[in-house]
Every structure is written in C-alpha cells, then in structure tokens.
Amino acid sequence: MDFRAIEQKWNKIWEETGAHRFDQTKTDKKYYVLEMFSYPSGSNLHIGHWYNYGPADTFARFKKMQGYNVFQPMGFDAFGLPAENYAIKTGIHPKDSTMKNIAVMEKQLANMGAMFDWDHELVTCSPEYYKWTQWLFLKLYEKGLAYEKQAPVNWCTSCNTVIANEQVVNGVCERCGHTVVRKNMTQWFLKITDYAEELLSCIDSLDWPEKTKAMQKNWIGKSEGGEAVFPLENSDEKITVFTTRADTLMGVSYVVLAPEHRLVDIITTPEQKEEVEAYKLAASKASDVDRLSSTKEKTGVFTGAYCLHPITGKRVQVWIADYCLSTYGTGAVMGVPSHDDRDFDFANKYNLPITRVIKGENGNDDLPFTEHGIVVNSGEFDGLTTAEAKKAVLKKLESLGLGGVKINYRLRDWSVSRQRYWGAPIPIIHCDHCGAVPVPEKDLPVELPYDVNFTPDGQSPLKKCKEFMETTCPVCGRKALRDPDTLDTFVCSSWYYLRYIDNKNSDKPFDSELANKVAPVDKYIGGAEHACMHLLYSRFIAKALRDMGYINFGEPFTSLVHQGLILGADGEKMSKSKGNVVNPDSYINEYGSDIFRMYLMFGFAFAEGGAWNDDGIKAIYRFAERVERIVSVGANAGSDDNYGPAEKELDYALNYAIKHVTADLENLSFNTALARIMELVNALNKYAEKNVPGAFFRKACMGLVKLIAPFAPHIAEELNELMGEKGTVFCDFPSVDESKLVKDEIEYGVQVNSKIKTKMVLSTSLDSAQITEIIKSDDKIKEILDGKEIKKIIVIPKRLINIIV
RNA sequence: GCCGCCGUGGUGGAAUUGGCAGACGCGCCGGACUCAAAAUCCGGUGGUAGUGAUACCGUGUCGGUUCGACUCCGACCGGCGGCACCA
C-alpha cells in the first residue's frame, strides 16, 4: 500500500464530504478540543507542531468515534515581534510575510490530515478579528479594568526603544545584546490584580498539570501578613510597611523606603539631600541584572528623617535602599536585623542596632534567626509563639489605628502597551480637552495602516504616521491624536477560543448563547511555556467577560495537557545555530504523515518528549504493513462462523485491546495504546497461522481497523474500504464486552515469605478461604515449604498468594 | 535560596496507584527462507554463578513502615523546569 498516495485520496474525500465540519446545532454532546494556535513563521511545520497537533488530532478523532460532536479549529496568532524584526532586517512588510507564511502553513496543516474545521479558521492580524480584540479592550475600559498610568518599562539603550519583558534575556536586549534600563512611560494596564484571589482559589478545581498550577500559584504569590504604620516625626506623613513577620515588630531598628518611594523627596533633610539624590540616580540607572541580584551587597542611604515606632513610640531612622522594591507591598519595609538575612547584612554594614526578639525553642542563639520561636524583649508580647504574636501584634496595631491584617499578592497588573507596529492599535483617542477617550464601537476597527516606517528610533512607529494619528475627538469634535501604541499579542490570544466558535459574526465578537454551549474548551493541548502568561491571561479575561455577562463560565480551559519537548539528537533544544534541527518533511515524504505521527506517539511519552531518534520509525512502518497484511487476510476470510477455543482466545485479545486503548486514549497515553494494538496484531497473526480465518476473524480485523483509526486516519479509511465497508471509519468506536474478559482460570504467583517461588493456575470462582485451603493441601507447595510451618496465608484475588512461614 | 517534576536493562519506554519489575518496540544473538544479500518469519535476550533444574542480586544512594515498596515516609546525591532582595 502506498501510504502517501492514499493520504491525498482521503484528504480530498474528507474535504468533499465535509467530514470535519462542526455541527453547531448539536451541542448536547459536544467536545471542544483545542491546540494552541501557531505563530506563522517562515519555515515549514517543525517537529514541535507535529508533536502537538498529531497526537491531539488522534485524541479528537477518538472522541468523534465515541459519538461526540467534536469541534477542533485551527488558526494563527499572527501579530508579533518576529515579523516586525524580520521586516526591519529585510524590508519585507510584516503583513506580506505573515500572509505568505500563513498560506504555506495552511497547506501543510491540511496535508497533515488532521480534522481541523477550516470553516472556523481565524487570523488575529485580520481587521475582522482585531476589531473584536479592540472591542474587548473597550469593554474592559468601561468596566474599569483598563487604566493608564506612568510605569517603568524596559528600555533598550541601543535600539532606542521599549521592549517587552519577554524580550529581556538576562538583563540584556535579546535582539542586540545591549543593556536594558528602566524608564518611566505612560502605559495601559489591565487590572488582573482585581482577580488575584479568584485566579488563585479556582486553580485547584482545574484538571491541569500540577506543575502548571503550582507555577501560577507562585506567580500570583499570595502572602498573608499585615501592615504597620510608622508616623513621621515632625510631619503629618506616615510610612506604611507590609510584613509577614508582625511578631518581630518590637525588634525594628530602622525603616527602609524604596528609592522611588513617594515620600523620599518629602522627608529627606537638607543635609542628606545630595547623598540621597545621588543614590536615587544610581538606582534608576542600574540595569535589572545588577539590581535584581540577591547576592549583591546591600547598599542604602540615611534620609536624615525619623519615624516613630507604632507601639513603643521610639524614634526610628528612615533609610532608602534598593533592596526594597517599589513594586511590591507598600514600597517600604521595616528593618528587623535579628530575624531577617537582608536586614542583618544591612544593619551590620551601617552599624544599626540589632535586638533579638525571637528565641529558638532548642537554644539556637545565632543571628540572624529567621525561624519561628518564642517572643522575647517585646514587653506585653513576651512568651507568645510566633503564630500567636503575629495575631496579637496586628490586633494591637488595629486597635491603635496604625495597621492590621493585610494580604499581598506578587501578581502585578498586566502591561499591554507596546511601542510596536505589528499589533492591534489601542482604540483610544487622546484629546487635549477631554483626556483619554475610547473610540466609539461603531468606529471599530481602528485599522492598522499599511504604509508605516517601522525602523526603530525611539518612537512608536505609528506616531510617525500622520494619517493614522490625526483624528477628531469623539466627544468634543476637536482635533485629537490616536494612541500610538499597539496591544500586547497576548491580548489577542486571551479570547481566541471564543471567536473560533462564531468566527464570521460581524455584529459582535461571538454569540453568547452559542459560546456558552460550545465553550469552555474540554481539552486544551499545548506547550508548558505559557503557564504564567497566555494561560493566566485567558483565565482573567474569561472571568472579566463572565462578570460583564458575555459568557456564563469563568474558566476557559477545563482540562489542560502539555506535550513534552522534542529535542535534537544531541539532547539539546533544537536550534538553527546548533545545527540539530530535525525536518519532518523528509520523513513524511518517505513514509507518509500517518507513519510519522504514529512514530511520534509510540516513540515518546507524550507529556515527556525527549531527544530525537529515528531508529523506531522504520519499525512503525513495518507495523503498518503488518496491519495491512492481516487486515487483507480478514477481508478475504470465509463465512465460517465457528466459535471455539481459538476464537474465544482471540475475542479475549480483541476486548483486552479495546478496553485498554480506550482508557489510554482518554489519558492521552498514546504509546501504551499503540502497544496494546500491536499485541492485538500479534494475536491475529498467531490465530491466522493455526486456523482458517472465518467470520469471527473478520470481525476481529474490523475491530483492529477501528482501534487504529485515530492513530493512522488515512490508512484506516483505506483498510475500512478494503474490508468492504461503506462510508467513513470515523464512527462507532468499539466498546468493550467485559464478559469476554472473564477467565475461568487465572495464574497466581505464589510467594513464600514474599519471594516468588512458583505459579499456580486456579479457578476464578474460588474465594480467598478456598484458595487458602487448596494451598495448605497442595503437594507441590508442601514440597517447596519442606516441612516449614505455615503461619499465615495472604491471598490477593486474581494476583498472588503469599505464604508466611 | 524557594517551589514543582524526574532518576527503571545496551536503548525508547511500561507497571490497573502497595501485589509476579522490565508490557510494547528498537538493538543485539541464534535459526528458517536464499547461491548470497535485502525483505519477511520463528526463537532468545536485566546482571552474576552454574552443564543443569536453580540460586543470589537488581528500579540514583542510605535508612524506615509493611506479609509485600519502582510506588508510601525520612535523609542525601544527580538532572530538568519555574521563581528569585516579594519583606
């Protein structure tokens, strides 16, 4: 059989019959299988695409055969930096290169033979799509979930432009390798922090990899503690600090503000001004690598100001230091050198007092002592444990009106402004009289102009495009300017699974009723690298859309699976520079796509991946040939419907395979599922060798064709036809007949003192007590025991017997 | 440093969640067919000792729980991923 030729034949038939079309009117038994969509890169589909989409399609086909109405769409995440950087390098417009790449990938994806419903395709850079991305932004703005503020951004000193966090690699620009510094710019943010608690608390209910859930939890970083207010001496201002160790409050020897803290300029004394200014300047210039290193020596400057301890009223020095981060908590911390490593270093360096207030319970007297213990030197709190003291101190602060319980999150609001060309324009108009004004919905989309000079020179490329920038204010009608920035591409991908459902709707982003029927996604399959970005953003947007009444669920992806990573043959990540990139095309040309995807599923543990090795691909090819040969025998089998012991044995093998393949596919355990199919093929061969194939053999072969169909869709269709069946093979996944798996007799492992000594075939109708009796009187057992006295017999039904002597 | 995952034959990987470790493949060895080779088919294949039935040892290391541990607990070693001055 020419596996490559039949691929074309069946791809054509599937297209003509609309085999992969999703019927939106039948959503009572729907199943939404989604693979993370592709970025349209210049080269052909790589191993990573195949390893994601091939097995995922196998799962989707399995669900379809089980009778689900399966929705499996595909599209392109088409905005983004690579196309723009490519344009800067070559002069080829991002739109042109992107559309060309999409055309190539569409063709390759179609040849893959996956059951994508191309009627529902979407491309995020098309105005029909980004119109609704802009709509989403406006709705978030209306709801108060989008706001503008000055914030530090990553500024590349060589490219003279802002770059995204993801583009900062080890503190330098990924494109040019030059230093990245922070710069304050006005940016749009989405208020993901409003949902911090819900994003955290809902995680446990999700059927997601534990690893991914843990990453999101860490990223959200809930921290339960309290705030303490230190009033300033000689001023009405107050410093509020956040702490998780309120029990150490009585050990405070100084307070630190972040260099960027609002109060720094207000409280610094004239004598300290010069030193403080110099320190602030140095801190703002420091690159992220320098500043964010925990091993760096602590530095800081005294502001000259004093504040008052909230409980004792004692004078406490106020310092600034860059180990205090302006972006976390209140941007101010209390310094307790005796019980914090950082504070200890700092206090030693600047000769600040160190007072022990926690005693270890087993006499550990070394400082700093960062563990929990018993409070000492703390007046009324002495003798309390750390846990008790935390509560007592915060209660006291609350009664004084100087603090109380507080929860903090590490999660920060999502910065979505990009000073880039190739993205969805932010639908805001800046008017001198009215401020930031949203573009009215009827004027969407704000189209991205084609003729733009996108060479980087420190300005947003759109800013230089007069025709784009100049407009009138929708409120007052006066001249106004558009926002020159574009949206982070993660905004585009945060809601795409909803647009797939209703991709041609020109009145709204999607029909809510329909979306509620088809979504959420039942099985989402894609890489693990998106744990704290795409997957978190999508959850946030779903909750926001739910709260605005557009959908009735808050979690977009009910069940999530990450495929592993296929590495180069050298065990390193594939990259052009390492020269270890494996091109799937040569294998597909030689063996066909069914063989290739089956090999990917058999040769690796799906969630693990591993180093590339093509030793097994020939074996899979031979396996497919064996399948074809045995199915041909089945197709030509006689009509004899004898059902004797040989048939019974084959029936067992068939149902055993059905049972396990079904369970394995459910778990996306493709390698073991294929192993069970191979066993069935071995059983069929064994039968055909010794018996004349008749009606039952034919039936078993048909079962094989059905079982293998999700794995090798084209081959299975061809074999189905060979068997004389009419119509497609993709229906009626076989269901197990448990009665065929009941055995009269079963082999037990017999252990003596937990070591396997012999085997014994026993009837399955015997209960444990009966088996115990048989063991006691069995001659062979007596021989093995050699006169030793039996103390106890443990019988594990259908498995083993352990005789303790 | 913190969080998470992982460690099984020559090799890719299994093991119904505490019950016969190594399923299914690859590779290798032997055989059949062949003048020969390829392809195909059959048999063997964790290690050590022994002609042999068999015995002992074996899931990173060391302990523990248990009739029984790849699986659970404790300590450690090694690898991968994420976060990292988060107060």
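Keep in mind it's a predicted model, so treat the numbers as computed, not measured. Chain letters run A, B, ... following the sequence lines, proteins first and then strands; every chain starts at 1.
The residue A:I804 sits close only to the backbone: its heavy atoms come under 4.0 Å of sugar-phosphate atoms, none of a base. When heavy atoms are screened at a 4.0 angstrom cut-off, A:E747 is found touching base atoms of the nucleic acid. Among the atoms of the strands shown, base atoms are found under 4.0 Å from some heavy atom of A:Q751. If you check every strand for non-hydrogen atoms under 4.0 Å, A:G603 touches sugar and phosphate atoms only. Residue A:K211 is classed as a sugar-phosphate contact, given heavy-atom separations below 4.0 Å to backbone atoms only. Within 4.0 Å of A:N408, counting heavy atoms only, lies no atom of the nucleic acid at all. Within 4.0 Å of A:G300, counting heavy atoms only, lies no atom of the nucleic acid at all.
Both A:R626 and A:A611 lie close to RNA chain B; mapped to their nearest nucleotides by heavy-atom distance, the more 5′-ward contact belongs to A:A611. The 5' end of RNA chain B is approached more closely, in terms of each residue's nearest nucleotide, by A:I796 than by the other of A:K757 and A:I796.
Within the 4.0 Å cut-off from OP1 or OP2 of B:rA87, at least one side-chain nitrogen or oxygen of A:Y328 is found. OP1 and OP2 of B:rG81 both lie 4.0 Å or more from every side-chain N or O belonging to A:K573. Contact check, A:R622 against B:rA39: no side-chain N or O comes under 4.0 Å of OP1 or OP2. Side-chain N/O atoms of A:N218 include none lying less than 4.0 angstrom from OP1 or OP2 on B:rA84. Residue A:N671 places none of its side-chain N or O atoms closer than 4.0 Å to OP1 or OP2 of B:rC24.
The separation between A:D345 atom CG and B:rG1 atom C1' is 14 Å, rounded to whole Å. Whole-Å rounding puts the A:M601 CE to B:rC26 P distance at 18 Å. If you take CD1 of A:I677 and C1' of B:rA23, they are 15 Å apart, rounded to a whole angstrom. Rounded to an integer number of Å, the gap from A:I358 CD1 to B:rA87 C1' is 15 Å. For the pair A:L674 CG and B:rG12 P, the interatomic distance rounds to 19 Å; values are reported in whole Å. One interatomic measurement links the two molecules: OH of A:Y323 to C1' of B:rC85, which rounds to 9 Å at whole-angstrom precision. Taking atom NZ of residue A:K755 and atom P of nucleotide B:rA21, one finds them 11 Å apart after rounding to whole Å. One interatomic measurement links the two molecules: NZ of A:K213 to C1' of B:rG81, which rounds to 18 Å at whole-angstrom precision.
A cation-pi geometry, defined here as NZ or CZ lying under 6.0 Å from the six-membered ring centre and within 45° of its normal, does not hold between A:K406 and A:F242.
Between B:rG4, B:rA23, B:rA87, one nucleotide has an atom nearer to the side chain of A:A214 than all others, and that is B:rG4. Of all nucleotides listed (B:rC26, B:rC24, B:rA55), B:rC24 comes nearest to the side chain of A:F602. Here the side chain of A:T243 is nearest to one of B:rA14, B:rC86, B:rA87, namely B:rA87. Comparing atom distances between the A:D322 side chain and each of B:rA14, B:rC85, B:rG19 picks out B:rC85 as nearest. Ranking B:rC85, B:rA23, B:rC86 by closeness to the A:R412 side chain, first place goes to B:rC86. Closest contact between the side chain of A:E689 and the listed nucleotides B:rC42, B:rC83, B:rG25 involves B:rC42. With B:rG82, B:rC85, B:rA14 as the choices, the nucleotide that has an atom nearest any side-chain atom of A:K298 turns out to be B:rC85. Closest to the side chain of A:R629, from the set B:rA87, B:rU40, B:rG82, is B:rU40. Closest to the side chain of A:T672, out of B:rG19, B:rC26, B:rA14, is B:rA14. Of the candidates B:rC20, B:rC26, B:rA23, the closest approach to any side-chain atom of A:K759 belongs to B:rC20.
With a cut-off of 3.5 Å on both pairing distances, the Watson-Crick and G-U wobble pairs of RNA chain B assemble into stems of 3 or more at B:1-7 with B:77-83, B:10-12 with B:24-26, B:27-32 with B:40-45, B:46-49 with B:54-57, B:60-64 with B:72-76.
A parallel orientation is assigned to the rings of A:Y656 and A:Y652, their planes being inclined by less than 30° (bins at 30° and 60°). Aromatic ring orientation, A:F606 versus A:F670: perpendicular (interplanar angle above 60°, classes split at 30° and 60°). Ring geometry for A:Y350 against A:W319 counts as tilted: the plane angle lies between 30° and 60°, on a 0 to 90° scale.
Here the separation of B:rU59 from B:rG9, taken at their P atoms, is 9 Å to the nearest Å. B:rU71 and B:rA21: their C1' atoms are spaced 11 Å apart (whole Å). Nucleotides B:rU61 and B:rA69 are separated by 15 Å at their P atoms, to the nearest Å. B:rG58 and B:rG68: their P atoms are spaced 15 Å apart (whole Å). The separation of B:rC86 from B:rC3, taken at their P atoms, amounts to 14 Å, rounded to a whole angstrom. B:rU45 and B:rG60 are spaced 24 Å apart, taking the P atom of each and rounding to whole Å. Spacing between B:rA75 and B:rG81 at atom C1', rounded to whole Å, works out to 24 Å. Taking the P atom of each, B:rG52 and B:rA37 are spaced 30 Å apart, rounded to whole Å.
The structure places OG1 of A:T370 at 10.0 Å from CZ of A:R342, a figure rounded to the nearest 0.5 Å.
A donor-acceptor contact under 3.5 angstrom links the side-chain atoms of A:N802 to the base of B:rC67. No hydrogens or angles were tested; on distance alone, nothing pairs the side chain of A:K618 with the base of B:rC26 as donor and acceptor under 3.5 Å. Counting distance only, with no hydrogens placed and no angle test, the side-chain atoms of A:K791 and the base atoms of B:rC67 include no donor-acceptor pair under 3.5 Å.
Panel note: side chain A:H339, backbone A:V357; a donor-acceptor pair is recorded below 3.5 Å.
Exactly one residue among A:S253, A:S338, A:P368 makes a side chain to side chain contact (heavy atoms under 4.5 Å, CB included) with A:I354. That residue is A:S338.
Annotation for A:T240 and A:A332: closest pair O-CB, 3.6 Å, computed over non-hydrogen atoms.
Between the side chains of A:D664 and A:S669, no donor-acceptor pair of N or O atoms lies under 3.5 Å. A side-chain N or O of A:N802 and one of A:S754 form a donor-acceptor pair less than 3.5 Å apart.
Against the 90° criterion about 0, the sugar-base torsion of B:rU17 places it in the syn range. Here B:rG44 is in the anti range [glycosidic angle more than 90° from 0].
Within the 4.5 Å cutoff, the side chain of A:T299 has heavy atoms near those of the A:Y279 side chain.
A salt bridge links A:K213 with A:E210: at least one charged nitrogen is closer than 4.0 Å to a carboxylate oxygen.
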